[in-house]
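Proteins get letters first, then strands, A, B, ... in listed order; numbering begins at 1 in each.
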Amino acid sequence: MPKLGFQVLIFAALAYATGTAPAHAYLDPGTGSMILQVLIGGIAGLALAGRFYWNRLMVLIGVRSEPPAQTGADEVSGRSDR
Amino acid sequence: MNEVIEFRSGRTIGNAPAAGAEAEPGSFRDRNGSIFYREGRVYRTMSPRAFANWQRLEALPFFQRHQELGTIVRTRTAEEPVEGAGGIVEHERIPFISYPYEWTFGMLREAALLHLALMRDALADGFILKDASPYNVQWEGMHPVFIDVPSFEPLGPGEPWVGYRQFCELMLYPLMLQAYKGIDYRPWLRGRIDGIPADEMSRLMSKRDLLRKGVLLHVVAQAALQRRYAGSGRNVRKGLAEAGFGKELIERNVAKLEALVRGLEPARTRTEWSEYDRTHSYDEVEHAAKVEFVRQAASSRRWRLAWDIGCNTGTFSRIAASHADHVVAMDADWMAIEHLYRREREGEASRRMLPLVVNLADASPAQGWRGAERKDLAARGRPDLTLCLALVHHVVITANIPLASFLDWLAELRTSLVIEFVSREDEMVQALLANREDQYPEYYPDSFRALLAERFDIEREQPLKGGKRLIFFARAKG
């Protein structure tokens, strides 16, 4: 399985994902299912997983602070009634 | 129209749309709008947010293209929003609502492929489908139509494909179950409105199945990741957005899924396929006589909706389709329906003929929330013509349903009826009776005719197959 090493790396990297804000959809996307979408991304997914892991690491060692809970995704996706 | 449904902050204020309107009880999950019917027409209320999306959507090239193709239900604004309230759109009416647990493999696969094509096209224009339910696909005959217009939403930066899991549970896994394991997915979909969870699908896979296309990633890895993150409460969505999750990842996933789904074929069917080319026990002359009887009955007027129950591969459904706006062709044998679908989908009657896998002795019930989210067969549209050919022996002898009860059910449909009685002299009945107790004293031509005449006005009767069968044309009483 040539992809197995890659998959293990991503599993390990994504295991650090943390946060508190709720998702915004009437449908629960499923945390595991969201992460899998990175696995499916191949090389692009690998780069993404690297950044994801790096961000987590920076937060963990205190170099970077936890970003605000809301990312403003509502506004940009036109999901706000304001 | 003056009735405006009030919405505040996307919340429905009251669910009864207006006087003379009837709310669709299955339309409630997404609070941004719901379906109601008025004077036989189909409307959808939309929250201000959903209506704003709709106004952007209807201008997009991909949407207009699919409107022309008819692959997204034709929709127009019926009522602009007034003072913060939502708007209303009108949809073209679907001839007969059907559910994935009644579709044959090829239809579920086509619905999945339509979904993926819409995802691909919407993403190119900056939109996405926010869910992935096969119940959002209906049929104009044998051509799929996506009906849930508010499912299209603008895609925000870094947003993942929220509907991916649902796509797997309700479309990919059922198709895989049939393709990889030879297991009928219909009882699974009928048994659970949300489909097959990754964890259960994973348990159904053998070690050998891990090598099959898509299983390791979409089934096993997804199940493992879902277990890993179950109840964690972590906001992965935010983390992914920050790390630069982009729509090219979704596009890649969609493209791979398209290739995967397109390659799926029902297991162990190739050798059995040819058996369906000959579908009856008549010689050619007698068959022609039966065809002529049905043709005459069917052509006696124009019908709005015809049912062909026990349609097999649809020989008589095609005749009915020449004289009816729409025909629902039903058989319990999914391979017969698959055969019908594959052969007719490019044919002349393909927009008027809907093939469904239905076992009348165990037909789809009303189910879901309050038993009203999904409707039973008759509640979705009673036929004004019903063909019931070479079926009654299966109902009475195979399924042990009393003849009178079966005829009662037909009479309740208030339909005209072409019905064939298969007598005890017929080899098909003899095969059925060979190994079972004969507990069918009413199963004789005279008692059949008497029971039929109590419930219908018999217009014509003709013997077939040298008198081994009788065919009747009857009309609903009164």
If one checks every heavy atom of B/R29 against chain A at 4.5 Å, the contacting part turns out to be both
Could you look at B/Q166 and say if it's the side chain, the backbone, both or neither that has a heavy atom under 4.5 Å from chain A? side chain
Contact summary for A/I40 and B/K256, nearest pair of heavy atoms: O-NZ, 3.2 Å
Nearest 0.5 Å, please: how far is CD in B/Q222 from CE in A/M34? 11.5 Å
Nearest heavy-atom neighbours spanning B/F245 and A/L48: N-CD1, 3.3 Å
Separation of A/L36 CG from B/R165 CZ (nearest 0.5 Å): 12.0 Å
Give the minimum heavy-atom separation between A/R51 and B/G244, together with the two atoms involved. NH2-O, 3.9 Å
Criterion side-chain contact (heavy atoms from CB on, under 4.5 Å) on B/R228 and A/T31, from CA distance to verdict: CA-CA 9 Å; B/R228 168 69 184 79; A/T31 306; over 6 Å; no
Say you draw a straight line from CZ of B/R252 to CD of A/Q37; how long is it, rounded to the nearest 0.5 Å? 13.5 Å
